[in-house]
Amino acid sequence: MIRSHECYNPYLMARTVEETAHIAPDVIARYEAVIGLEVHAQLSTLTKAFCGCSTKFGADPNSNTCPVCLGLPGALPVLNKKALALACRASLALGCTLQRRSIFARKNYFYPDLPKGYQISMYELPLATAGELEIIVEGTSKRIGITRLHMEDDAGKSLHEGFPDSDAWSYIDFNRCGVPLIEIVSEPDLRTPAEAYAYLNTLKQILEYTEASDCNMEEGSLRCDANVSVRLRGADKFGTKAEVKNLNSFRYLTHALEYEIERQIGLIQSGGKVAQETRLWNVAAGRTEPMRSKEFAHDYRYFPDPDLLPIVLSDREIEDVRTAMPELPAVKVARFLREYGVSAYDAGVLTATRALGDYFEACVKAGAPAKSAANWISVELLRRLNDAGQEIASCPVNPAALAELLAKVEKGDITAASGKKVFAKMFETGKSAAEIIAAEGLAQITDSGAIEKAARDVISKNPDNVAKYRAGNEGVFKFFVGQVMRETRGQANPQAVNEILKRLLA
Ligand SMILES: [Zn+2]
């Protein structure tokens, strides 16, 4: 699973390049890609966009359907108020202007999984326009324009595999029909796969923060189409673009873009022309393949849906959306830097999700020093969660329990090394730090008698190193400290160890 604080890593994204491998890097470098993304996100509602059917994922096929979402004659759609509220919130969070009046339009086309014969979408008057998103790639910030955000409903799903007679029949599941979506269309401002990755990642984070969508990519809640063209660097006209459809993971997006850019450069270099068409990413073959030649908007015969009223938003309603807006990721990062003095890296990690930011703040509120809480959460806690395949919501160590542990480390009741052991046990057992320290006898040794005894043992066992130290090799001092810490199972007070060793070795 992709976590939103992960960053683009070309090594992880490595793939085998087949027929495009013959293009020399210096040829590729002469070109520039122009990329725009159309992202579809499922709004987090319990029921569908225009009827009361459940949107629950994984229900039995065709169990969440009714005359409205099946497009039966005479059925009338009614807009889901929650879906509209979430779409409005996402619009403002993405810096868009909410339109006072927007209109649902029918996008007409035939497909077996579309029983109405049209998709309810928005065309000339979308819900929101003219937004932007700030992305950061390799430390450099860039603004990516958002052309529009509109509402629409999803289609059903054709199942071509998984049945005993799948060689002869296709099956259709209409459960997704009428599920509320927003489509977010970017300006063609992206130039590299890394920028596209960062854009999708930032967008996903904002949709999660605003709870407009859970952005669960495995369940199809977030998918993306990419418009790609290439041109010689310095040219001001765009090349002909191809659209790569239905990229439902960050990995596919990156691979498909890399492939498509090279394919188009190869075509142009060999004197060919890029066709304006829709392509699909073939995961197994690692290449994009033509799907159909591109429809134009007029092919869809868009017209206003006569069954649905225009959406009319008053100043007051727009203001209410703005007031109810939760703190957004960029604002939270700035606040964490200012309020807690954490590093920029930690601020980025801690704000990756709202839940993680909340966890950190609860920990500080419970008395943990901010910097050490930031450090422990971004290193120890996230590593253990990752290893256990768990989310912060199900973390067995609650913020107050972590704060208690950090207070003990801070006060010197246990050493930092023991603290990590205690934390591991807390994570495994859900017990408190105090219980584990008592049961395991991990309390820090401050008794100088015990430390001195360990130090004398170490010194008597290592006459060679003693001689080296006394001859002026101060580097060996670390060796003695390490040995004493080992003898005391990492529990000796490090300052006391230093002092006692210095005295005995003098
Ligand atoms: Zn329905």
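Atoms within a ligand are numbered from 1 in the order they appear, just like the ligands themselves.
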Measure from the side-chain N and O atoms of Arg89 to the backbone N and O of Leu84, and report whether any donor-acceptor pair falls under 3.5 Å.
no

When you draw lines from the Zn ion (ligand 1) to SG of Cys69 and to SG of Cys66, what angle lies between them, to the nearest 10°?
110°

Taking the Zn ion (ligand 1) as the vertex, what is the angle from SG of Cys53 to SG of Cys51, given to 10 degrees?
110°

Electrostatic pair Asp153-Lys116, nearest N-O below 4.0 angstrom
yes

Measure centre to centre between the rings of Tyr118 and Tyr300, then say whether the value is under 6.0 Å.
no

Between Phe360 and Phe336, does the ring centre distance come in under 6.0 Å?
yes

Any N, O or S atom of Cys177 closer than 2.8 Å to the Zn ion (ligand 1)
no

